[in-house]
Colleague: 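One structure, pasted below without further comment.
Proteins get letters first, then strands, A, B, ... in listed order; numbering begins at 1 in each. Predicted model only: the values in this text are computed from it and were never measured.
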Amino acid sequence: MPLKRKPPEPPEPPEPAQVQAQHIAGRPLKPGDFIGDSHEIARMLIGATLLVDGVGGIIVETEAYDRDDPASHTFGGLTPRNAAMFGPAGRAYVYRSYGIHWCLNFVCCEEGHGAGVLIRAIEPTKGLDVMRERRGLQDPRLLCSGPGKLGQALAITHAMNGHRLDRAPFKVMAAPEPVEVVTGPRIGISKAVDVAWRFGLAGSRFCSARFAQAAPNKDLPHD
DNA sequence: CCTAGGATTAGCT
DNA sequence: GCTAATCCTAGGC
């Protein structure tokens, strides 16, 4: 067998999420863009734009949930409450949290799988005054820095459960360019607390909670 | 800075 | 009856 020199290393194949992000950069996301691993989708959604009736901003924090995950609403199988999460990808799963808040998820994977991404925080960029009115607050950092706050600021209701994300009132646009994503443990759960399935936009001041610092030798500017 | 408790309802044991 | 993918306020350090 002749000695065969390996051809020059081809460029490292980008991570699937990056391929997807580059392919759809800045474009409206379609249902097919949500067919895939919920952790990859959760990462891909950081930097994307979410609008509901023209109000919203840039997604800066997400959490991934999947059917084999004890913390997932779909862990125990199909029920009336979680049915939307077992439905087609690219739709909304809206649930009531603590009897008070409406929280928004994006359904992932094929119909019948039972995975999704919780949208935990956005940086408000459109409809600031509407959001301030709905929240009764002025500070932009407090408008959407948490799934319940976001639900109130965007007027998410149970009526949107199962609704397609590529149709009004929703508008979801992929990140226009790659962003730096940080990870950490999920928040507010009592099961599977160790896995780093929360994703955030690096350095964003609009997340619901701090991510552990990855580079402690570099002081962040105090602004 | 931090921790603790209440609000409020649907779903499941 | 108890728990929950949360938020807000009050009070202590």
Colleague: Looking at A:Y93, is A:R81 sitting on its ring face, NZ or CZ under 6.0 Å from the six-membered ring centre and within 45 degrees of the normal?
Modeller: no

Colleague: Which whole-number value in Å describes the distance from A:K191 NZ to C:dA4 P?
Modeller: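 Roughly 7 Å, once rounded to whole Å.
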
Colleague: Rounded to whole angstrom units, what separation is found between the CG atom of A:N82 and the C1' atom of C:dA5?
Modeller: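 Computing the A:N82:CG to C:dA5:C1' distance gives 13 Å.
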
Colleague: What I want to find out is whether A:R141 reaches A:D139 closely enough, with some N-O distance under 4.0 Å, to be called a salt bridge.
Modeller: no

Colleague: Within this structure, what is the CG-to-P distance between A:L143 and C:dC8, rounded to whole angstrom?
Modeller: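 That distance rounds to 10 Å.
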
Colleague: Side chains of A:C108 and A:R91, heavy atoms from C-beta outward: is any pair under 4.5 Å?
Modeller: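 The answer is no; the side chains never approach within 4.5 Å.
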
Colleague: Under 4.0 angstrom, heavy atoms only, what part of the nucleic acid is A:R186 near: base, sugar-phosphate, or nothing?
Modeller: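 Nothing: the residue A:R186, judged by heavy atoms under 4.0 Å, touches no strand.
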
Colleague: Of all nucleotides in DNA chain B that come within under 4.0 Å of a heavy atom of chain A, which is furthest toward the 5' end and which toward the 3' end?
Modeller: B:dA7 to B:dC12

Colleague: Given atom CH2 of A:W102 and atom C1' of C:dC7, what is their separation to the nearest angstrom?
Modeller: 16 Å

Colleague: What does A:G99 touch in the nucleic acid at a heavy-atom separation under 4.0 angstrom: a base, only the sugar-phosphate, or nothing?
Modeller: base

Colleague: Choose from C:dC7, C:dA5, C:dT6 the nucleotide whose nearest atom is closest to any side-chain atom of A:Y98.
Modeller: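 Of the options given, the side chain of A:Y98 lies nearest C:dT6.
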
Colleague: Is there side-chain contact between A:L143 and A:R135, with heavy atoms separated by less than 4.5 Å?
Modeller: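 They are in side-chain contact.
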
Colleague: Answer with base, sugar-phosphate or nothing: what part of the nucleic acid does A:T79 contact at a heavy-atom distance below 4.0 Å?
Modeller: sugar-phosphate

Colleague: Would you mind reading off the distance between A:L104 atom CG and C:dT6 atom P, rounded to a whole angstrom?
Modeller: 14 Å

Colleague: Can you tell me the Watson-Crick or wobble partner of B:dT8, both distances under 3.5 angstrom?
Modeller: none

Colleague: Is there a side-chain polar atom (N or O) of A:H73 under 4.0 Å from OP1 or OP2 of C:dA5?
Modeller: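 Indeed, a polar side-chain atom of A:H73 lies that close.
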
Colleague: Starting from the C-alpha separation in whole Å, work towards a yes-or-no answer on side chain to side chain donor-acceptor pair (under 3.5 Å) for A:R67 and A:T74.
Modeller: CA-CA 5 Å; A:R67 60 182 174 189; A:T74 55; over 6 Å; no

Colleague: In terms of the nearest nucleotide of DNA chain C, which residue is placed more toward the 5' end: A:L142 or A:I189?
Modeller: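 Here A:I189 is the residue nearer the 5' end.
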
Colleague: Rounded to the nearest Å, what distance is computed from the CZ atom of residue A:R141 to the C1' atom of nucleotide C:dC7?
Modeller: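 Value for this atom pair: 17 Å.
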
Colleague: My understanding is that a pair needs two contacts under 3.5 Å, Watson-Crick or G-U wobble. By that rule, which nucleotide pairs with C:dA10?
Modeller: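 B:dT3 is the nucleotide pairing with C:dA10.
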
Colleague: If you take the centroid of each ring, where Trp contributes its six-membered ring, are A:H163 and A:F170 closer together than 6.0 Å?
Modeller: yes

Colleague: Taking only side-chain nitrogens and oxygens of A:S190, does any of them come within less than 4.0 Å of OP1 or OP2 of C:dA4?
Modeller: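 Result: yes.
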
Colleague: Considering only heavy atoms from C-beta outward, does the side chain of A:I122 approach that of A:F206 to under 4.5 Å?
Modeller: no

Colleague: Which pairs count as ring pair (Phe, Tyr, Trp, His ring centres under 6.0 Å) when at least one residue sits in residues 110-156 of chain A, sequence neighbours excluded?
Modeller: none

Colleague: How is A:R198 classified with respect to the nucleic acid when contacts are heavy atoms under 4.0 Å: base, sugar-phosphate, or nothing?
Modeller: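 If one applies the 4.0 Å heavy-atom cut-off, A:R198 turns out to touch nothing in the nucleic acid.
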
Colleague: Taking the side chain of A:Y95 as its heavy atoms from C-beta onward, which of C:dA5, C:dT6, C:dC8 lies nearest to it?
Modeller: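 Out of C:dA5, C:dT6, C:dC8, the nucleotide with an atom closest to A:Y95's side chain is C:dA5.
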
Colleague: Which of these nucleotides, C:dT6, C:dC8, C:dA5, is closest to any side-chain atom of A:H101?
Modeller: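 From the listed options, C:dT6 comes nearest.
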
Colleague: Calculate the interatomic distance between A:R135 atom CZ and C:dT6 atom C1'; express it in whole Å.
Modeller: 11 Å

